[in-house]
Enquirer: 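Before I ask anything, here is the structure I am working with.
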Amino acid sequence: MKRIEHALDTMAAVSIVLLCILITANIVAREVIMTGVPDIIVMVQELMVPAILFPLAAATAARGHIAIDVIANFFPAPLKRWIAVFAALIGMVIATVLLMAGWMEFWKTFNSNAHYGGEFMWPKWPGRALFVVAIAIFELRLLHVLWVDLRAAITGQPAPETL
Amino acid sequence: ANEPGPNRGVRAQAVNYIAEQIAERTDGEVTVEQNWGGALFKTSAALQSLGLGVADMGVIIGAYSASEFPELQMAGLQLKPAHPWVMMQAMYELFTTNEHLQQRMEDMNIEYISTYSLTPGIMACSGDGIRSLDDVPGTKFAHTGASTDIFGELGGNLVAMPIYDVYQGMETGLVECSVTYAYYAVASKLSELTDTVTDLHFSSLASLATVMNKDTYDSLSPEVQETIKQVGRDAMNFYGEELVTADIEAMEELTTGEDAADLIELTDAEYARMQELVQPSIENWKADMSAVGSDGDALMAELYALIDKWTKVMETEGLPWERS
Amino acid sequence: MDLATVGYVACAAVIFLLAIRVPISFAIGGVAVTAIFVVFAFRTGTFMPERAFWTTLSLAFSSSFDLVHSYDLSMIPLFIALGHIAYKAGITTEIYEAARVWLSRLPGGVAIASIAGCGGFSAISGSSIACASTMGRICTPEMMRLNYDPRLATASVAAGGTLGSLIPPSVLFIIYGIFTESSISQLFLAGFLPGVISMLGYTLVVVMWVKRSPEIAPRPDEIVPFRQRMIVGLRCWPAVLLFLTVIGGIYGGFFTATEAAAISLMFATILGIARGLIKVRDIIPLLRETMATTGAIFFIAACAKIFVALIALTGLSNSLVGLLDNAEISVWFFILCVCLIYLVLGMFLDPVGIMVLTLPLMIPMVESYGLNLIWFGVVIVKLLEIGLITPPVGLNVFVLASVLEDKVEIGKIFSGLWRFLGIDIVVLAILILVPAISLYLPMSMN
Ligand code: NA
Ligand code: NA
């Protein structure tokens with residue numbers, strides 16, 4: 001799991017490098033050879049998916065989802081532990097919906113001729129596939145968090161800070 | 001209902017017209033709640049969202065689902081020039097009578113209600129502008145869609161950008177020219193920056209349509225269905241008049257007055273050259289058509305026949321709002 | 001239950017979940033998809049879950065995917081990466097050194113410099129989030145190193161980030177201009193002075209806060225000679241060059257504000273490599289750390305988009321704005337109600353979402369009162385900017401917390417912000433009472 005997340009984070013970093021190079025190359029090309037990089041907008045859009053969503057799993061493992069502590073700080077520890085379980089369950093709701101929705105979209109675009117306009121007429125399915133991969137690993141990690149927090153809540157032991 | 005654009009401009013008036021007329025003619029039995037600016041979903045998701053019933057009614061734009069619904073995008077290609085009202089009538093008749101298209105829309109679970117056309121595209125430029133095709137090489141064009149592609153072929157420097165960035169791009173000199181529509185140029189204040197307007201002899205695109213979710217449509221009584229259909233037909237006349245009026249006013253605002261832009265005509269040879277350059281896009285479209293099991297040549301021939309038919313109607317009877 | 005009620009219940013559920021410490025993205029997204037399912041299932045009057053299933057999935061996907069799959073927003077991860085790379089390339093340390101030797105004798109000097117820096121950054125970026133994230137990565141750690149109170153170190157940047165949309169270029173003014181058919185260049189000019197006034201307001205907050213409690217911004221005793229200060233100042237040339245390159249590039253017509261982010265990142269990376277401070281093989285590991293934080297932030301924004309779809313579906317904003325439509329009220333009471341509506345919506349929703357939901361209904365009313373649309377645009381953008389720093393959903397605050405890798409708690413940042421919110425309300429009142437502040441520049445340029 002850790003290795004998969006590490007690979008996903010690396011791919012996110014590579015996407016950022018590619019974004020930076022593509023956009024810079026586009027600017028330079030239109031000033032120097034008087035023509036921009038073709039389909040730059042589609043390529044940037046597709047790269048945004050791994051750049052933004054691939055790190056989601058690692059962020060979940062590091063408990064990096066932002067929450068507001070102000071009131072919850074006054075709760076007793078056992079209640080806090082059960083709330084953590086509840087929170088992971090709610091996270092599962094949105095993750096599951098997005099995973100199913102992403103899969104539905106991927107399957108539809110993969111089995112059709114759906115493509116963007118422009119020079120290369122890029123197919124629409126790769127962006128959807130990347131979305132599914134990101135959400136699937138995110139959900140797996142969330143399931144892991146749920147399991148760990150549930151065990152902590154039942155045993156009354158504090159859950160580990162990071163996974 | 002969902003509309004991708006803001007509640008301003010001629011299309012918004014027509015979208016409002018449809019909603020108001022449906023409520024009025026059904027005595028409030030059917031009302032339309034309008035969402036603007038893609039608050040519910042963006043244009044790119046419109047076709048699927050309407051088919052699934054995320055909204056009951058909404059506007060779809062051919063270019064955003066060119067590969068999924070190429071039949072609609074047909075009217076987004078540079079075909080033979082025709083009056084915007086003629087294009088709407090021809091598309092409407094095609095989409096409501098052709099049996100293969102009926103089946104295709106049934107598969108997508110949508111019901112066709114009304115068509116919108118655009119006035120032919122114009123080239124708005126700041127600075128020297130495009131006075132002949134020889135001016136194209138090296139000129140920077142805002143590249144916001146396929147209609148600009150041929151200027152890349154002609155050696156123009158295409159600057160890809162979202163349409164929102166065009167105004168600032170033109171102000172800073174990042175782009176010199178943009179393919180646009182007269183009333184849009186005026187509405188978006190692009191006219192403030194425009195020094196020349198080149199007539200492109202483009203066609204009126206009519207690849208925009210209001211469609212309904214088919215389940216919702218089928219759940220209505222036959223009388224209400226017929227009322228909605230009639231509103232859709234009337235909407236084209238309403239919109240046609242608004243569009244033509246707005247276009248004439250906008251062209252006047254662009255080309256008269258103190259800061260008037262020069263109106264430029266190219267030569268016939270140049271227009272012929274531009275026609276040649278759009279052919280590859282038509283070939284691509286035909287490939288998309290066969291991919292969804294439709295016959296591009298046949299459908300285009302049918303549309304052309306309908307364009308001729310409605311051009312004749314316009315010539316003999318006049319435009320509906322000009323008939324007394 | 002009518003649809004608007006579903007919307008109100010959903011908002012209440014989100015507040016409850018946030019209060020008990022459910023992560024923000026989970027709370028907003030989970031409630032949104034559940035409520036959307038309920039709305040679709042009861043659409044025909046009877047409970048039909050089978051019809052709701054696909055519609056819910058489709059709406060959840062299109063809202064979240066479209067947000068991520070965006071050309072415009074590519075500037076945000078690029079600017080966040082810039083914050084990290086600029087730090088490694090030594091650029092931020094030089095700025096910090098200069099600010100320290102020049103400003104540290106001033107009460108809260110570095111905080112004031114951060115606010116001014118936000119103002120400068122606003123001139124190259126149209127996005128408040130990009131502004132808060134980049135400046136947060138650059139300024140806040142330096143202030144904490146100077147032993148500034150974390151509340152001051154974070155709140156000054158979170159508030160300063162809201163200048164991003166008032167000072168041109170500005171995404172919000174462009175969208176407002178499209179919805180109202182008003183001139184975007186006039187809106188840009190109109191936003192400038194209000195942006196400067198907001199900036200002065202924030203500066204005033206820092207000065208007064210530090211005056212009352214000097215311990216929050218300790219002053220070092222050392223007195224740096226003028227010659228030394230000049231040398232440290234001159235050492236800032238890379239930052240100055242970067243800023244001038246980007247400003248010159250945007251206003252000289254070489255690239256768009258969206259593209260500026262990539263150019264800045266490229267510039268900082270090359271500089272870092274040239275100085276030997278960044279090795280090429282370190283770039284990927286460095287960016288890997290950076291990106292770890294952006295995923296969570298974008299996920300909040302994606303879930304917020306699904307929530308916007310829910311609000312559209314339930315007509316909640318229509319019902320809020322509709323309260324005004326039928327009421328025979330005076331123009332001042334109308335403006336007061338407008339402010340309240342936007343502040344309430346701003347607690348939960350993102351600025352663009354609020355605009356597309358409310359402007360179509362709001363603008364005809366504004367016109368019927370005969371109010372100036374350019375001035376009203378400035379008021380709206382100011383209100384939306386305030387929403388970025390109000391609890392429970394304050395995107396600027398979240399972005400800041402995430403680029404600081406949660407070293408400062410969200411609650412702490414909010415607790416530092418109420419002073420800035422106070423001055424925002426004062427500035428807002430001034431902008432409303434004195435339209436000339438907004439209209440002077442657009443009028444005089446015509
Ligand atoms: Na700005
Ligand atoms: Na808020």
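We name chains A, B, ... by the order of the sequence lines, and we start the count at 1 in each one.
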Enquirer: Among Ala296(C), Ala81(C), Gly411(C), who wins on heavy-atom pairs under 4.5 Å with chain A?
Expert: Ala296(C)

Enquirer: Under the side-chain contact (heavy atoms from CB on, under 4.5 Å) test, which residues partner Ala132(C), sequence neighbours left out?
Expert: Asn396(C)

Enquirer: Would you compute the distance between atom CG of Leu53(A) and atom CZ of Phe299(C) and round it to the nearest 0.5 angstrom?
Expert: 8.0 Å

Enquirer: Who wins among Ile52(A), Val42(A), Leu89(A), Thr60(A) for the most heavy-atom pairs under 4.5 Å with chain C?
Expert: Ile52(A)

Enquirer: Below 4.5 Å from any heavy atom of chain A, which atoms of Ile283(C) appear? Answer side chain, backbone, both or neither.
Expert: side chain

Enquirer: Chain A heavy atoms under 4.5 Å from Ala19(C): which part of the residue, side chain, backbone, both or neither?
Expert: both

Enquirer: Only pairs of heavy atoms separated by less than 4.5 Å count here; which of Ile66(A), Val93(A), Val44(A) has the most with chain C?
Expert: Ile66(A)

Enquirer: When only pairs under 4.5 Å are counted, which of Ile71(A), Ile90(A), Leu79(A) shares the most heavy-atom pairs with chain C?
Expert: Ile90(A)

Enquirer: Using only non-hydrogen atoms and a strict under-4.5 angstrom cutoff, which residues of residues 145-163 of chain A touch chain C?
Expert: none

Enquirer: If you define the side chain from C-beta out and look only at heavy atoms, does anything of Ser25(C) sit under 4.5 Å from Ile94(A)?
Expert: no

Enquirer: Please look at Leu17(C) and chain A and tell me whether the side chain, the backbone, both or neither of the residue comes under 4.5 angstrom of a heavy atom of that chain.
Expert: side chain

Enquirer: Give me each pair satisfying side chain to side chain donor-acceptor pair (under 3.5 Å) with a member in residues 7-35 of chain A, each pair once, sequence neighbours excluded.
Expert: Thr10(A)-Arg288(C), Arg30(A)-Glu259(C), Glu31(A)-Lys140(B)

Enquirer: Of the backbone (N, CA, C, O) and the side chain (C-beta and beyond), which part of Ile16(A) lies under 4.5 Å from a heavy atom of chain C, both, or neither?
Expert: both

Enquirer: Considering only heavy atoms and a distance below 4.5 Å, find which of Ile40(A), Leu56(A), Val14(A) pairs most often with chain C.
Expert: Leu56(A)

Enquirer: Identify which part of Thr269(C) has an atom lying under 4.5 Å from any heavy atom of chain A, answering side chain, backbone, both or neither.
Expert: neither

Enquirer: Sequence neighbours left out, what passes side-chain contact (heavy atoms from CB on, under 4.5 Å) with Ala60(C)? Give chain and number order.
Expert: Val97(A), Leu98(A), Val33(C), Ile306(C)

Enquirer: Is any side-chain heavy atom of Glu46(A) less than 4.5 Å from a side-chain heavy atom of His69(C)?
Expert: yes

Enquirer: Tell me, side chain or backbone of Phe53(C) under 4.5 Å from chain A's heavy atoms, or both, or neither?
Expert: side chain

Enquirer: Over 60° means perpendicular and under 30° means parallel, so classify the ring planes of Phe26(C) and Phe138(A), tilted if in between.
Expert: tilted

Enquirer: Considering only heavy atoms from C-beta outward, does the side chain of Tyr71(C) approach that of Met48(A) to under 4.5 Å?
Expert: no

Enquirer: Top residue by heavy-atom pair count (under 4.5 Å) with chain A, among Ala302(C), Ala27(C), Ala32(C), Ala262(C)?
Expert: Ala262(C)

Enquirer: Can you say whether Phe254(C) sits under 4.5 Å from chain A via the side chain, the backbone, both, or neither, judging by heavy atoms?
Expert: both

Enquirer: Under a 4.5 Å heavy-atom cut-off, does chain A meet the side chain of Ser70(C), its backbone, both or neither?
Expert: backbone

